[in-house]
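As structure tokens, the structure follows; a few thoughts come after it.
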Amino acid sequence: MNAKAISYFSTRGQTSPVSFSDAVMMGLARDGGLLLPSAIPDVRDQLDAWSALPYPALAAAVMQPYVDLPPADLRALVDRSYASFRHPEIAPVVSVGGVHIVELFHGPTLAFKDVALQLLGNMFEYLLAKSGGTLNLLGATSGDTGSAAIHGVRGKDRIRIFILHPKGRVSRSQELQMTSVLDQNVHNLSVGGTFDDCQRIVKELFNDLALRDGCHLGSVNSINWARVLAQVVYYFYAAFVVMRRTGARTVRFAVPTGNFGDIFAGWIALRMGLPISKLVLATNENNILSRFFRTGEYRMGTVHTTLSPSMDIQVASNFERYLYYRVGENAERLRDLMASFARDGALHIEPSRGGVDPLIEAGQGDRAATLETIREFYRESGYLLDPHTAVGVHVGRHHLAGGEPMICLATAHPAKFSAAIREAIGEDVTHHPILDALEGAATRATTLPAETAAVRDYVVGHVG
Ligand SMILES: *Cc1c(COP(=O)(O)O)cnc(C)c1O
């Protein structure tokens, strides 16, 4: 193992290095940048040894070089985090319809965000027990992130969580997945406004540094490095399974993308030496990222409402991490680009001969393509794709090459998006006992107006 521990620095280059534990508690760097590891370990000589490991052992092996936790403690955290998954393999791979689907939705809220947020919740608890501190997590959600975060920290000592959702504007099952959690440390705030109102309020509260420090506010959004790291693991796991199953020596991944978190984890796996020949980035109509990888221009558009709402994002919060490497690990150049994006809503990278990035291909799947892919896949093979996964499969199937296996990430269980499934198939073919059991469950939420002061008062009155 490398003797020098990995530390974390900001993409904007204006902070001193911090440890993994500090990076986890910090989330965003103090200079507004994102934290990155000081080195990406090359693990090529360990791939053979890792290839037969069960998921939890593999997770501990992949993450250990990046963390400052004793191996036995990391392993215990990993085991506890994935014990909540309902499939013994954690992330099983189903070979169907000419592709390989890695199912990342067997966690408590039936979306892939559980893979990272179950672990992050346990890491927070572990680090707070060591430091004796408390943490008050604050976030806004349009659905999946909020419920996965709530399920990651429910019932935990030293942690309270405040999640704002727009009242009456999240799907019924998403709302119930949040409000049916009755643990005392969980505060669901049902805000009389839009998701943008919720996000604006959260941002304003975080920007109040006195409040942020005084109340020990923390964030659960996808910029936390521990979330990215937890997601690196399933790229290894799925690639090993598919290489064993097919005899292939390299693989491709198709990744439905919103905040660039999931696909950035794949990019890290690639940099570590996993034989991924291409990452195929898939967006819905909110195509800022697919346009970037085709043209080099990253230009904000307006947000469209689609059948894959967890990808209805224009500004991808993890993109800055990728961009930092793309500009040659030059923090000053990165700062210039981010300033230009803040000023003009656009930034530009000059494509080279291999395109913007020879390792990343990109495409888009609109509403019609999403419905058609769900319908066709179901008709051909009886396998039901959720609308996010369908976007990835649609684009992935357009980027097959040379008989190389295409691994498509399945990011949610179809029953979570049953309205889209009904629209595609024409009948109600998907249910999940966890979701069905929510009907009629007891719920708790506090209704607040879309005013920063009202939310601030509530949070200040209920912090630990
Ligand atoms: C969050 C989410 C995505 C997008 O993941 P990013 O890391 O934001 O790119 C895709 N599908 C589902 C179901 C999600 O919840």
Side-chain angles (χ1 to χ4, degrees), residues 34 91 101-118 120 139-152 170-171 173-174 177-178 195 220-232 234-235 253-269 279-290 292-293 303 306-322 360 362 364-365 370 374 384-396 408-418 420-421 432 435:
L34 302 189
I101 310 257
V102 53
E103 296 182 339
L104 303 173
F105 52 69
H106 293 286
T109 71
L110 311 180
F112 88 102
K113 291 188 170 69
D114 289 326
V115 177
L117 284 165
Q118 286 291 306
L120 185 63
T141 190
S142 56
D144 283 347
T145 303
S147 59
I150 286 170
H151 285 260
V170 296
S171 81
S173 66
Q174 284 180 326
Q177 278 189 305
M178 295 190 280
F195 173 61
V220 289
N221 62 22
S222 71
I223 50 93
N224 196 301
W225 170 253
R227 283 186 62 176
V228 175
L229 185 57
Q231 293 172 203
V232 173
Y234 50 69
Y235 284 88
F253 277 92
V255 188
T257 306
N259 265 319
F260 207 80
D262 207 358
I263 192 161
F264 184 69
W267 191 85
I268 294 283
L279 289 166
V280 178
L281 177 146
T283 66
N284 61 25
E285 290 91 328
N286 297 289
N287 60 5
I288 179 169
L289 285 166
S290 50
F292 170 77
F293 282 100
V303 180
T306 73
L307 293 173
S308 41
S310 299
M311 291 151 58
D312 290 351
I313 287 163
Q314 281 290 335
V315 181
S317 53
N318 269 289
F319 183 62
E320 180 170 337
R321 284 194 162 110
Y322 168 79
I360 299 182
Q364 176 187 338
T370 303
I374 294 172
L384 207 47
L385 304 167
D386 107 284
H388 304 78
T389 307
V391 170
V393 168
H394 167 76
V395 177
C408 299
L409 304 194
T411 53
H413 190 284
K416 263 198 113 158
F417 298 95
S418 54
I421 301 300
H432 194 287
L435 297 177

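In each ligand, atom 1 is the first atom listed, and ligand 1 is the first ligand listed.
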Do N318 and R321 have a side chain donor and acceptor closer than 3.5 Å? yes
For E103, what residues pass the salt bridge (charged side-chain N to carboxylate O under 4.0 Å, His left out) criterion, not counting sequence neighbours? none
Distance check, rounded to the nearest 0.5 Å: Y234 atom OH versus D262 atom CG? 3.5 Å
May I ask you to check whether Q174 and D144 show a side-chain donor-acceptor distance below 3.5 Å? yes
Please state whether the rings of F264 and W267 are parallel, tilted or perpendicular, taking 30° and 60° as the class boundaries. parallel
Under 3.5 Å, is there a donor-acceptor pair linking the side chains of D386 and T389? yes
At a heavy-atom distance under 4.0 Å, which protein residues reach ligand 1? Sort them by chain and number, would you? F112, K113, D144, T257, G258, N259, F260, G261, D262, S310, M311, H388, T411, A412
